[in-house]
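Let me begin by presenting the structure, written as structure tokens, before commenting on it.
Remember, it's a predicted structure, so these values are computed and weren't measured experimentally.
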Amino acid sequence: MPNHLANSLDNSSQNAQYDKHAKEILANKQVLSRILSATVAEYKGNLTHRTILLLEQFFILAE
């Protein structure tokens, strides 16, 4: 019977895989721009290509 530590290690491994896959999905500009356009006030109403341009400007400035 697995103990608490074994369960915690299994969960952290699963969470790490989940995080990795989520980051890969959100790294896609099309996916991220659709999410932002539907949820964030500053991006609402923008077409996907316009949101991508805004994202690219933001990430250039953030570097």
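Under the salt bridge (charged side-chain N to carboxylate O under 4.0 Å, His left out) criterion, no residue pair touches residues 38-54, with sequence neighbours excluded.
Expressed to the nearest 0.5 Å, how far OG1 of T39 lies from CZ of R34 amounts to 13.5 Å.
S37 pairs by the side-chain hydrogen bond (donor to acceptor under 3.5 Å, both in side chains) definition with T51, not counting sequence neighbours.
Side-chain heavy atoms closer than 4.5 Å link hydrophobic residues (I, L, V, M, F, W, Y) into clusters, and following such links, possibly through other members, connects L54 to L36.
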Let me have the donor-acceptor pairs involving side chains of residues 21-29, under 3.5 Å, with sequence neighbours excluded, atom names and distances please.
residue: N28; atom: OD1; partner: Q30; partner atom: N; Å: 2.8
residue: N28; atom: OD1; partner: V31; partner atom: N; Å: 3.1
residue: K29; atom: NZ; partner: E56; partner atom: OE2; Å: 2.7

